[in-house]
Amino acid sequence: MTRESMADILDKIAQMLELKDENPFKIKAYRSGAEVVRSYPDDILQLAAEGKLTGIKGIGDALRDKLTELATTGKLGFYEELRQEFPASLFALFDIQGLGAKKIKILFRDCHISSIEDLQKACENNQISALAGFGAKTQTNILESIKRRHTYAAQFRLSTVTTIIDEYLDLLRDHPSTLRVAACGSYRRSKEVIGDIDLLVATSAPAEITAYVATFPGIDHILVHGDTKISVRLTNGPQCDVRAVSNRQFPFALQYFTGSKEHNVAIRQRALQRGWSLNEYGLTSTNENAEVIPEINEEKDIYAALGLSFIDPELRENLGEIDAAERNELPQLIQQENLRGTFHNHTTESDGKHTLAEMKAAAEELGLSYLGISDHSKSSFQARGLDEARLLGQIAEIRRMNEADDTFTLFAGSEVDILKDGSLDFDDEILSQLDYCVASIHSSFTMEEDTMTRRIIRAMENPHVTMLGHLSGRLLLQREAYSVNHAKIIDCAAETRTIIELNCNPRRLDMDWRWWRRARDKGVLCSINPDAHNVSQLQYLHFGIRLARKGWLRREDVINTKSRENITAFLQLPKDQR
DNA sequence: CTTTCTCTAAAGTGCACTGTGGCCAGTGC
């Protein structure tokens with residue numbers, strides 16, 4: 001049982017309750033329970049196993065008991081019974097656009113359709129258009145959607161959508177009726193993966209804008225097109241929704257479409273307490289005794305009206321940001337311009353595409369004043385990892401380059417493999433000659449959680465290990481994280497003064513943002529590292545800043561905000577004095 | 001099913017768009 005599989009079961013239950021036409025709020029409770037499980041900032045699996053799921057918002061008596069049963073026995077009777085009622089193949093129908101629980105129920109009950117294949121046959125035999133609530137157009141749309149269903153993924157990495165978002169925002173700004181534009185949704189909140197792209201336009205001519213968007217490049221087909229909203233499927237996969245509102249409505253729509261849903265629900269409740277109703281178009285009084293509504297021109301005015309300091313979009317996950325805003329205790333989040341340098345980068349010496357000199361020049365070009373090099377160690381032979389002799393040669397080369405330049409510092413490091421037993425790929429004699437060392441796992445991914453956690457802890461206990469590389473080993477949308485106990489690793493990092501890396505390669509974004517606040521509160525420092533294998537990947541730092549902000553990190557929590565002088569002194573200190 | 005300044009009772013976001021069927025319901029966000 002993992003956190004994710006536990007959440008998936010709750011979502012699956014919600015889907016089945018929907019098919020049974022259950023109380024919509026019960027269904028919602030399971031969905032929101034799944035969300036709580038996914039984002040709870042502690043080891044919720046262990047809490048459940050120990051029967052300690054009390055006082056968690058969104059988890060009441062019923063969900064608490066079910067999660068406890070799941071965590072202790074690995075099974076859930078309620079879920080197993082529910083599953084008997086529907087064939088497993090039925091759930092694929094939810095992926096068909098335009099089909100929801102109501103229609104799927106009709107198909108299953110009245111036509112005994114229980115799979116995509118059944119549905120396709122029925123459409124081809126013209127049986128669907130005759131059903132009540134269906135028609136010829138619906139039948140055609142279902143067939144189209146069945147044929148297209150494997151073409152598009154449901155989620156995308158941040159790096160997949162950044163370029164097209166910038167391009168579309170520019171095009172929207174070009175329209176003469178445009179007053180303001182913004183990207184909203186999970187992109188603005190800097191989630192590690194994005195569902196769809198939400199763009200917002202303040203305009204005096206909404207219908208003109210939606211018609212204009214229909215002509216944009218990179219559109220595969222149009223999903224819906226109305227006077228104030230258009231949804232298109234882009235050729236590189238994501239769906240893009242553009243909404244056109246008036247300039248007066250813009251701040252409300254921006255707040256609303258940025259989400260998260262959970263954050264917005266809490267914000268709306270706050271408005272209701274003041275006698276106001278908040279939606280995407282404005283703030284209105286619900287009764288005559290309500291407080292007077294102040295003038296709203298910007299998003300921050302909405303938060304101010306509700307007695308809150310401005311909540312940065314990255315924090316809007318309903319994970320305590322509203323309480324903190326009320327007490328005026330939100331962190332001053334790190335910004336891109338605070339970065340002075342970075343660690344964990346590769347060169348042609350191992351599996352990088354550019355030389356030491358080229359990487360240095362690129363870092364200077366970006367305005368950085370220091371760069372850490374950490375090529376792979378000898379066990380990563382697939383990546384041409386360096387042995388002791390080559391590493392010593394690289395250290396000497398870095399020292400020579402530093403002597404010839406007093407405006408920029410290269411730090412000699414290594415991304416040293418953590419071997420199966422937790423020992424390191426180089427001995428202490430070699431490690432002590434480095435300026436710093438990143439310890440990472442590149443082999444034996446499938447270990448029991450306890451064994452893996454002990455393996456990493458043993459590496460962190462080494463006084464030469466400056467920081468831990470990509471903690472979970474996940475590759476977003478591609479490879480699962482290995483089993484590792486984040487909470488224990490964070491505790492160990494705090495004790496041993498080991499820095500944890502925020503690997504900001506958009507395929508990794510590891511350690512996950514959900515753990516950073518906890519780490520920060522225990523005094524663990526972060527290093528934002530691009531894991532660059534060529535010069536252009538140094539730009540990944542900008543994803544790192546976004547995810548660090550999402551993890552509530554401030555300038556002082558991140559070592560690469562230190563000046564060149566300070567970081568040099570810092571790295572020379574013994575680990576336990578850092 | 002969960003939460004709550006009505007606490008063994010009630011409330012819980014609300015709208016655009018589409019297609020169908022007759023002035024609405026389902027879907028999706």
Side-chain angles (χ1 to χ4, degrees), chain A residues 10 13-15 17-36 53-67 78 93-107 128-142 144-145 154 184-186 194-200 206-207 210 222-233 239-245 249 252-253 255-284 286 318:
Chain A
L10 295 186
I13 289 174
Q15 214 164 38
L17 295 178
E18 236 181 336
L19 284 174
K20 291 177 63 132
D21 229 351
E22 261 282 6
N23 176 351
F25 297 108
K26 191 193 240 185
I27 295 162
K28 219 168 112 181
Y30 278 95
R31 291 243 154 81
S32 80
E35 218 31 64
V36 170
L53 289 180
T54 46
I56 298 178
K57 235 180 150 131
I59 308 286
D61 294 350
L63 282 177
R64 180 201 59 212
D65 291 348
K66 291 187 173 76
L67 291 177
F78 177 68
L93 266 57
F94 280 96
D95 295 337
I96 306 298
Q97 220 153 37
L99 286 189
K102 296 270 166 58
K103 287 198 159 139
I104 292 174
K105 196 174 133 194
I106 293 172
L107 293 169
I128 298 301
S129 59
L131 291 171
F134 294 72
K137 182 83 187 173
T138 308
Q139 183 170 280
T140 318
N141 287 347
I142 289 174
E144 280 264 302
S145 179
C184 314
S186 48
I194 305 297
D196 58 9
I197 299 172
D198 288 299
L199 304 181
L200 183 66
T210 59
I222 292 171
L223 296 162
V224 295
H225 179 177
D227 284 347
T228 61
K229 156 179 158 182
I230 177 167
S231 294
V232 300
R233 177 67 68 180
Q239 178 178 326
C240 175
D241 299 345
V242 183
R243 299 160 207 261
V245 298
Q249 291 166 341
F252 300 101
Q255 197 283 327
Y256 180 81
F257 291 121
T258 297
S260 67
K261 198 168 63 185
E262 292 76 18
H263 173 88
N264 284 353
V265 167
I267 290 290
R268 277 193 301 267
Q269 277 168 356
R270 231 183 135 79
L272 282 171
Q273 286 167 9
R274 286 172 153 68
W276 302 334
S277 164
L278 175 66
N279 65 19
E280 63 261 55
Y281 302 111
L283 202 50
T284 49
T286 54
N318 199 27

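Note on naming: letters A, B, ... go to the chains in the order of the sequence lines (proteins, then strands), and numbering restarts at 1 for each one.
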* Asked: How does each nucleotide of nucleotides 20-25 of chain B score, in 5' to 3' order, for protein heavy atoms under 4.0 Å: base (B), sugar-phosphate only (S), or none (-)?
  -> SS----
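The CD atom of A:Glu18 sits 15 Å away from the P atom of B:dC1 (whole-angstrom rounding). Atom CD in A:Gln255 sits about 15 Å away from atom C1' in B:dC29, given to the nearest Å. The distance from atom CD of A:Gln97 to atom P of B:dT27 is 13 Å, rounded to the nearest whole Å. Remark: P of B:dC29 and CG of A:Leu223 are 9 Å apart, rounded to the nearest angstrom. Look at CG on A:Leu19: it is 14 Å from P on B:dG26, rounded to the nearest Å. As a whole-Å value, the separation of A:Leu53 CG from B:dT2 P is 12 Å. To the nearest angstrom, C1' of B:dT18 lies 14 Å from CD1 of A:Ile230. The distance between atom CD1 of A:Ile194 and atom C1' of B:dC29, rounded to the nearest whole Å, is 16 Å.
Residues A:Glu262 and A:Ser32 have side chains not in contact (no heavy-atom distance under 4.5 Å, counting atoms from C-beta outward). Under the 4.5 Å side-chain criterion, counting only non-hydrogen atoms from C-beta, A:Tyr256 is not in contact with A:Leu200. Contact of the A:Gln255 side chain with the A:Leu278 side chain is registered, since non-hydrogen atoms from C-beta on lie closer than 4.5 Å.
Going from atom CZ of A:Phe257 over to atom CG of A:Asp241 covers 9.0 Å, rounded to the nearest 0.5 Å. With rounding to the nearest 0.5 Å, the separation of NZ in A:Lys102 from NZ in A:Lys105 is 7.5 Å. Interatomic distance, A:Gln15 CD to A:Ile104 CD1, rounded to the nearest 0.5 Å: 7.5 Å. In this structure, the separation between CG on A:Asn141 and CD1 on A:Ile128 is 13.0 Å, given to the nearest 0.5 Å.
The separation of B:dC15 from B:dG22, taken at their P atoms, amounts to 26 Å, rounded to a whole angstrom. For the P atoms, the distance linking B:dT13 with B:dC17 amounts to 22 Å, nearest Å. Here the separation of B:dA16 from B:dG21, taken at their P atoms, is 24 Å to the nearest Å. To the nearest whole angstrom, the two P atoms, one in B:dT8 and one in B:dG14, are 26 Å apart. Spacing between B:dG28 and B:dT20 at atom P, rounded to whole Å, works out to 15 Å. Taking atom P on both B:dC1 and B:dC7, the two are 23 Å apart, rounded to the nearest angstrom. Rounded to a whole angstrom, the distance from the C1' atom of B:dT18 to that of B:dC23 is 16 Å.
Residue contacts for A:Ile27: at a heavy-atom cut-off of 4.0 Å it reaches no nucleic acid atom on any strand shown. Contacts of A:Lys105 with the nucleic acid, taken as non-hydrogen atoms under 4.0 Å apart, are absent.
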* Asked: Step by step, would you call A:Leu107 with A:Leu131 a side chain to side chain contact (heavy atoms under 4.5 Å, CB included)?
  -> CA-CA 9 Å; A:Leu107 293 169; A:Leu131 291 171; 3.8 Å; yes
* Test side chain to side chain contact (heavy atoms under 4.5 Å, CB included) on A:Val245 and A:Phe252 and set out the steps. => CA-CA 10 Å; A:Val245 298; A:Phe252 300 101; over 6 Å; no
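For the pair A:Ile230 and A:Thr210, the tightest heavy-atom approach, listed with the atom from each and the gap, is CD1-O, 3.5 Å. Nearest approach of A:Glu18 to A:Ile27, heavy atoms of both residues: CA-CD1, 3.6 Å. Shortest non-hydrogen contact noted between A:Ala136 and A:Thr140 is O-OG1, 2.8 Å.
Taking the O4'-C1'-N9-C4 or O4'-C1'-N1-C2 dihedral as appropriate, B:dC7 has a value more than 90° from 0 and is therefore anti.
Comparing atom distances between the A:Gln239 side chain and each of B:dC1, B:dT27, B:dC29 picks out B:dC29 as nearest. Comparing B:dC29, B:dT18, B:dG26 by their closest approach to the side chain of A:Asp198 singles out B:dC29. The side chain of A:Thr228 approaches B:dA16 more closely than any other nucleotide in the set B:dC1, B:dT27, B:dA16.
Looking at which nucleotide of DNA chain B each of A:Ile59 and A:Arg243 is closest to, the 5′-most match is held by A:Ile59. Nucleotides of DNA chain B nearest to A:Leu17 and A:Ile104 differ in position, and the one nearer the 5' end is that of A:Leu17.
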Which atom pairs link the protein and nucleotides 7-9 of chain B when you take only N or O atoms and keep those under 3.5 Å?
none

Anything under 3.5 Å between a protein N or O and an N or O of nucleotides 12-15 of chain B, put it in a table, one pair a line.
{"residue": "B:dT13", "atom": "OP1", "partner": "A:Lys28", "partner atom": "NZ", "Å": "2.6"}
{"residue": "B:dT13", "atom": "OP2", "partner": "A:Lys28", "partner atom": "NZ", "Å": "3.3"}
{"residue": "B:dT13", "atom": "O4'", "partner": "A:Arg268", "partner atom": "NE", "Å": "3.3"}
{"residue": "B:dT13", "atom": "O4'", "partner": "A:Arg268", "partner atom": "NH2", "Å": "3.4"}
{"residue": "B:dT13", "atom": "O2", "partner": "A:Tyr256", "partner atom": "OH", "Å": "3.4"}

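Around atom NZ of A:Lys261, no more than 12 heavy atoms belonging to other residues, nucleotides or ligands sit under 6.0 Å away.
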